[in-house]
There are 2 protein chains.
Amino acid sequence: MGASLTLEKIAELAGVSRSTVSRVVNDHPNVSEAVRERVWKVVRETGYQPHAAARSLVTRRTNIVGVIIPETVTTLFTDPFFSYLLSGITQTCNAQRYHLMLSLFNDPVAPGDSYRRVVRSGHLDGVVVASARVDDPLIPRLLKDHVPFVMVGRHPDKRVSYVDIDNVGAARMAVEHLIRSGHRRIATITGPLNMASGEDRLKGYRQALEAHHIPVDDSLIVEGDFSEASGALAARRLLSLSATAIFAANDIMAVGALKVLRDAGLRVPQDVALVGFDDIPLAAALQPALTTMRQPIEQMGAMSADLLLDLIETPPDDGAPAHKVILLAELVVRTSCGVLG
Amino acid sequence: MGASLTLEKIAELAGVSRSTVSRVVNDHPNVSEAVRERVWKVVRETGYQPHAAARSLVTRRTNIVGVIIPETVTTLFTDPFFSYLLSGITQTCNAQRYHLMLSLFNDPVAPGDSYRRVVRSGHLDGVVVASARVDDPLIPRLLKDHVPFVMVGRHPDKRVSYVDIDNVGAARMAVEHLIRSGHRRIATITGPLNMASGEDRLKGYRQALEAHHIPVDDSLIVEGDFSEASGALAARRLLSLSATAIFAANDIMAVGALKVLRDAGLRVPQDVALVGFDDIPLAAALQPALTTMRQPIEQMGAMSADLLLDLIETPPDDGAPAHKVILLAELVVRTSCGVLG
DNA sequence: TTGTAAGCGTTATCAT
DNA sequence: ATGATAACGCTTACAA
């Protein structure tokens with residue numbers, strides 16, 4: 001498969017040694033102009049391409065970065081969040097000639113198996129980790145093995161670099177919007193509370209209520225897992241509690257909730273106002289259109305890859321502080337919150 | 001980065017030779033039970049993992065398959081089609097312990113550059129090609145280099161294996177549904193006509209009309225490129241032609257068309273009926289809910305990966321026929337076609 | 001059953 | 001500026 005051209009062959013054709021060809025191909029300075037051109041010519045004419053494995057065996061670099069997602073396939077691809085994230089990552093990688101390996105870490109039977117096969121085998125120069133729980137064993141492993149990595153979403157460990165949005169502030173903004181519209185009995189469907197984003201958005205919810213001297217009623221806080229089904233389930237639980245508004249920690253759960261509310265004969269926003277988080281394309285198409293917090297997801301992806309490639313190409317000193325980048329989310333007011341229309 | 005354990009080290013610790021360790025790790029039969037266990041113990045305790053590059057330098061296999069998409073990032077990730085496709089491919093790859101490299105081939109400046117870097121460098125054991133034009137130079141290149149590959153969507157060359165749906169039949173089904181509802185003046189917004197899916201769906205449209213003795217009016221056929229913008233543009237062109245129904249070759253374009261129709265004061269389905277293709281999640285959430293042809297996209301992804309891994313692991317004889325798999329699409333009737341409600 | 005040794009195609013060190 | 005030559009870590013005949 002493919003032309004089995006080797007350095008050796010090119011060297012022979014160009015009448016030079018392997019080393020010279022290697023130097024030319026790698027743009028090393030110490031090659032005479034004449035030889036350089038002669039070699040390039042042969043390379044072009046033959047379509048020679050260095051063998052990646054041979055190369056990385058000696059350089060210890062692969063020019064591949066991994067995108068690792070510790071989730072099941074289904075949840076992953078259902079949520080456009082990941083598409084946008086991937087899009088951003090891909091753009092950076094393409095621009096800097098890195099390849100991208102997509103890995104779902106989900107080994108129920110032999111935990112750590114994927115890690116060994118994908119990371120420890122030397123396949124990757126670094127890793128972007130998305131959507132990990134704070135206690136995911138992946139993080140300490142990467143740290144221990146000194147693998148360059150960047151998380152999408154914050155992590156408490158001082159040593160990890162990440163890109164995140166101000167989830168606390170964003171959630172607070174969403175809930176305060178509801179409060180300003182006159183709501184007092186506001187429920188929330190949270191994300192998984194062992195994920196930083198889940199925790200932070202709940203914190204923002206609490207802060208908003210407290211800032212407005214509204215007592216926090218724990219029965220109005222229902223944990224979801226970012227899936228539509230969990231949003232529906234949570235909404236069903238909230239049905240009897242006469243909340244006048246619901247803040248869902250992502251749009252997908254808001255969709256689940258919306259269906260349940262509608263089926264229960266409640267009108268949104270007249271009977272119950274609803275606010276989501278993410279601003280996926282579906283949000284705008286929904287009836288009623290979903291008010292939500294827009295995250296710059298694609299930018300987060302691109303930026304995390306930027307940080308990663310930087311980490312890879314200029315390894316920081318041991319004590320150097322990790323990078324923490326916080327981007328902003330914005331409130332997109334549509335009809336589901338009841339402020340317009 | 002990572003533990004720099006080598007075969008050598010393990011051999012030393014286990015008191016055997018490198019070859020023996022290699023045999024154990026690769027499950028070769030000719031190893032005594034005692035030695036096998038002793039070696040495995042050391043491997044487990046040390047967390048040894050063979051170096052991928054070293055391994056594939058000699059085996060000429062990487063256990064990585066590429067997903068190649070000759071499109072720009074934006075169009076790619078906007079359309080959930082690719083998410084589902086990726087999902088299917090990922091499932092198969094995960095199950096068979098293959099890794100997945102995601103590559104967008106989009107080199108406006110130096111065509112063929114990505115191909116050389118990604119494919120010719122020996123990075124991949126095989127490739128799934130999605131969303132390629134029939135005349136994409138990628139295909140002959142893969143053929144010439146004897147790279148195992150499977151396309152998602154048919155290709156005229158006898159030698160290429162593919163997974164596709166019966167686009168002609170599906171489009172015909174969609175249009176006949178409109179005809180049965182009494183429509184005679186039916187327009188279509190096609191996909192790119194240099195893609196098999198675009199061509200085939202147009203063919204199905206024509207067949208449906210002809211089967212019902214409705215003359216084909218070429219002014220009612222507008223080419224799009226599967227993007228929302230192109231759908232909108234096409235709809236705008238159709239506005240003055242008094243079509244009573246539009247068949248869009250994918251849902252995204254249908255969404256674009258819907259917005260234009262609505263802005264023009266036309267009601268869907270009362271004034272213009274609309275049918276899409278794909279059944280992306282948005283289709284059901286739309287107002288009115290979009291009637292559409294549902295493709296088993298995830299299954300297509302899984303199946304194309306299945307075929308590919310098969311091709312890789314048991315290379316067919318030279319004259320052996322390529323695999324052609326055709327799956328079925330189904331009509332999902334919602335409100336936009338005007339049959340219900 | 002186990003070990004020895006020859007590569008796989010590069011890069012990198014050291015001479016020249 | 002160029003060329004030998006020794007790794008890099010593994011698999012795989014071939015020997016024992």
Side-chain angles (χ1 to χ4, degrees), chain A residues 1-40 42-43 46-64 116-117 119-125, chain B residues 1-40 42-43 46-64 116-117 119-125:
Chain A
M1 162 176 137
S4 253
L5 283 168
T6 70
L7 262 195
E8 187 79 48
K9 193 84 186 172
I10 304 298
E12 184 189 325
L13 290 173
V16 294
S17 72
R18 288 207 302 275
S19 340
T20 301
V21 180
S22 176
R23 286 192 196 97
V24 170
V25 172
N26 292 296
D27 283 325
H28 276 271
N30 291 340
V31 181
S32 74
E33 205 47 49
V35 171
R36 182 184 304 278
E37 283 193 12
R38 184 147 46 94
V39 172
W40 267 126
V42 176
V43 168
T46 55
Y48 166 74
Q49 173 71 26
H51 191 86
R55 187 175 254 184
S56 57
L57 180 55
V58 29
T59 60
R60 325 298 326 204
R61 300 271 261 94
T62 60
N63 275 270
I64 304 178
R116 212 172 312 114
R117 277 176 27 241
V119 182
R120 298 284 301 272
S121 63
H123 265 309
L124 308 175
D125 288 345
Chain B
M1 163 179 135
S4 252
L5 283 169
T6 70
L7 261 196
E8 187 80 48
K9 193 84 186 174
I10 304 299
E12 185 189 323
L13 290 173
V16 295
S17 72
R18 289 207 302 274
S19 355
T20 301
V21 180
S22 175
R23 288 191 195 98
V24 171
V25 172
N26 293 298
D27 282 325
H28 276 270
N30 291 340
V31 181
S32 75
E33 204 47 49
V35 171
R36 182 186 303 279
E37 282 194 12
R38 184 147 46 95
V39 172
W40 266 127
V42 176
V43 168
T46 55
Y48 167 73
Q49 173 70 27
H51 191 86
R55 186 175 256 183
S56 56
L57 180 54
V58 29
T59 60
R60 324 299 329 205
R61 299 269 262 96
T62 60
N63 274 269
I64 303 177
R116 212 172 313 114
R117 279 177 25 242
V119 181
R120 298 284 301 270
S121 63
H123 264 309
L124 309 176
D125 288 344

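The chains referred to below are lettered A, B, ... by the order of the sequence lines, with proteins before strands, and numbering in each begins at 1.
A pairwise comparison of heavy atoms in A11(B) and V21(B) identifies CA-CG2, 3.6 Å as the closest pair. Closest approach of A54(B) to L57(A), counting heavy atoms only: CB-CD1, 3.5 Å. Considering all non-hydrogen atoms of both residues, Y48(A) and I10(A) come closest at CB-CD1, 3.5 Å. Taking every heavy atom of both residues into account, T62(B) and H123(A) meet most closely at O-CE1, 4.1 Å.
One atom, NE2 of H123(B), and another, C1' of dG9(C), lie 14 Å apart when rounded to the nearest Å. We find that CZ of R61(A) is positioned 13 Å from P of dT11(C), with the value rounded to whole Å. Rounded to a whole Å, the CZ atom of R55(A) is 14 Å from the C1' atom of dA12(C). When the P atom of dT4(C) is taken as reference, atom CG of L7(B) falls 14 Å away, rounded to whole Å. Atom CG of N30(A) and atom P of dT16(C) are 18 Å apart (whole Å). Rounding to whole angstrom units, CZ of residue R36(B) and C1' of dT2(C) are separated by 13 Å.
Side-chain nitrogen and oxygen atoms of Y48(A) include at least one within less than 4.0 Å of the OP1 or OP2 phosphate oxygen of dT10(C).
Using modelled atom types, one finds no donor on one side chain facing an acceptor on the other under 3.5 Å when comparing S19(A) with S22(A).
Residues V35(A) and R23(A) form no side-chain contact, since every pair of their non-hydrogen atoms from C-beta on lies 4.5 Å or further apart. Between V25(A) and R55(A) there is a side-chain heavy-atom pair separated by less than 4.5 Å.
Heavy-atom distances under 4.0 Å link DNA chain D to V16(A), S17(A), R18(A), S19(A), T20(A), R23(A) of residues 9-26 of chain A, given in residue order.
Here the range on DNA chain D touched by chain A, meaning any atom under 4.0 Å from one of its heavy atoms, is dA1(D) to dG9(D).
With hydrogens and angles ignored, the 3.5 Å screen pairs a side-chain donor or acceptor of R36(A) with a backbone N or O of P29(A).
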